[in-house]
There are 2 protein chains.
Amino acid sequence: MDRKQEILKAAAKTFSLYGYKATSVDQIAREASVGKGTIYTFFANKEDLFQAIVLSTIEEMKQQAVRVLDPSATPAENAHKALIKMLEFRETHQLLARLIEEERATKSKAVYDMMQQVEKAIVEFIEQRLSRALPDLETDPKLLAYLLYKSYVAFVVEWNQLYEQPLDEKTISQFFHQSLFKGL
Amino acid sequence: MDRKQEILKAAAKTFSLYGYKATSVDQIAREASVGKGTIYTFFANKEDLFQAIVLSTIEEMKQQAVRVLDPSATPAENAHKALIKMLEFRETHQLLARLIEEERATKSKAVYDMMQQVEKAIVEFIEQRLSRALPDLETDPKLLAYLLYKSYVAFVVEWNQLYEQPLDEKTISQFFHQSLFKGL
DNA sequence: GAATGACCGTTTTGTTATTTTGGTCATTTT
DNA sequence: AAAATGACCAAAATAACAAAACGGTCATTC
């Protein structure tokens with residue numbers, strides 16, 4: 001395996017384990033069995049390397065979302081499935097889960113920026129699927145995708161932060177079909 | 001004016017000016033021209049006093065929301081008006097604006113809890129208006145109110161955190177009538 | 001020419017001394 | 001007698017400083 005891939009692998013591992021800030025470039029170099037200077041021949045700086053890791057994680061997430069799509073299902077059902085899968089990925093994937101935790105605990109600009117990229121990727125994915133499946137929609141697909149994403153986060157992730165009584169997934173999907181997806 | 005009101009007035013003023021954590025009980029006592037001990041004859045502790053201030057602020061917000069309702073308007077239009085007004089209040093009112101800032105900058109449990117109460121109050125207000133205006137709704141009004149609140153926050157407050165291109169209020173209200181309010 | 005680690009200025013962390021804080025309660029004021 | 005008060009206390013926050021760790025560079029090595 002070439003050195004760049006070795007570095008990427010080591011960085012993904014250590015970032016996932018300790019988070020962005022708590023991982024030192026020395027640590028990554030040691031894990032990759034590479035001199036520290038070598039890292040800087042492939043990446044401009046620590047954040048640039050971080051960016052590369054996050055980008056490939058986003059690709060992985062999108063692939064998982066594609067895999068869950070069903071050509072025979074309605075656009076609404078596919079949007080639902082894709083969103084649920086991506087939100088699950090966001091909370092399950094070692095790196096992303098670690099970054100969410102790190103963002104809450106500290107207030108690192110770098111981590112915040114990366115999580116924002118993840119958000120944008122999800123919205124963009126939904127938007128593209130939406131405008132492909134429903135080409136002559138009167139509403140702006142970007143606004144619609146953003147609304148769907150924010151609504152899913154609100155119900156799947158944030159509901160429990162505000163209310164004791166948890167919300168099971170059946171209730172959520174039923175409610176969404178009664179409200180959000182009504183006009184779709 | 002009696003001492004309790006004097007204390008409440010002083011606390012509201014200093015909390016609004018310096019935030020919760022940066023305001024000391026001594027400071028409030030001085031501002032209220034009252035001995036520190038007197039404060040503790042009316043309130044169990046600093047947070048209890050804070051709570052009282054926030055509760056009355058919430059009442060003020062709800063009153064402003066009621067004032068904006070129009071009996072001859074549709075339930076959707078009234079929900080829209082009330083939400084816009086309450087979100088505006090949240091960002092305009094000295095105390096709440098200060099607390100939002102404080103919550104972002106530090107991670108104080110007390111401030112977080114209070115802002116959560118504000119959120120709950122907004123959702124509850126919308127829920128009550130909704131079930132009064134539309135008594136035989138097939139969807140749970142609490143879920144609907146929560147969806148509306150979260151959607152308005154997403155578009156009115158959070159959109160600019162993710163995208164450069166700002167969203168004018170006309171576009172937002174038009175979009176909501178095409179999507180969220182379609183089934184209402 | 002690619003890889004390296006000793007090296008550098010800066011930032012973060014650990015430590016201790018000092019100050020400020022929320023809350024109490026014996027005393028004073030009404 | 002009841003309400004008000006501020007000196008007082010343990011605990012928490014802050015300041016000041018030393019020491020360690022950090023991201024990034026670059027002369028040297030491979």
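Chain identifiers are assigned alphabetically (A, B, ...) following the order of the sequence lines, protein sequences preceding nucleic acid strands; residue numbering begins at 1 within each chain.
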Open item on the list: As a test of reading the structure: which of dA3(C), dG23(C), dT5(D) is closest to the side chain of Arg3(B), going by heavy atoms?
Closed with: dT5(D)
Task: Lys/Arg cation over aromatic Tyr20(A): Lys46(A), 6.0 Å, 45° cone - done: yes
TODO: Give Ser33(B) one of three labels, base, sugar-phosphate or nothing, depending on what nucleic acid heavy atoms sit under 4.0 Å from its own.
DONE: nothing
Open item on the list: Side chain of Lys21(B) only, heavy atoms from C-beta on: which candidate in dA4(D), dT14(D), dG22(C) is closest?
Closed with: dT14(D)
Task: Polar side chain donor-acceptor pair, Gln161(A) to Gln116(B), under 3.5 angstrom - done: no
- [ ] Measure the distance from CG on Asp48(B) to P on dG23(C) and round it to the nearest whole Å.
- [x] 10 Å
Open item on the list: Heavy atoms only, 4.0 Å cut-off, all strands: where does Ser24(B) land among base, sugar-phosphate and nothing?
Closed with: sugar-phosphate
Task: Closest to side chain of Thr38(B), choosing from dG24(D), dT5(D), dG22(C) - done: dT5(D)
Task: Residue Val34(A), side-chain atoms from C-beta onward, closest of dA3(C), dA7(D), dT4(C) - done: dT4(C)
- [ ] Would you kindly give the CG-to-P distance between Asn45(A) and dG23(D), to the nearest whole Å?
- [x] 11 Å
- [ ] Report the distance from atom CZ of Arg30(B) to atom P of dA7(D), rounded to the nearest whole Å.
- [x] 13 Å
Task: Closest to the Lys36(A) side chain, choosing from dT5(D), dG24(D), dG22(C) - done: dG24(D)
Task: Lys46(B) NZ to dG23(C) P, straight-line distance once rounded to whole Å - done: 8 Å
TODO: Take atom CD of Glu47(A) and atom P of dG24(D), then tell me their distance rounded to the nearest Å.
DONE: 9 Å
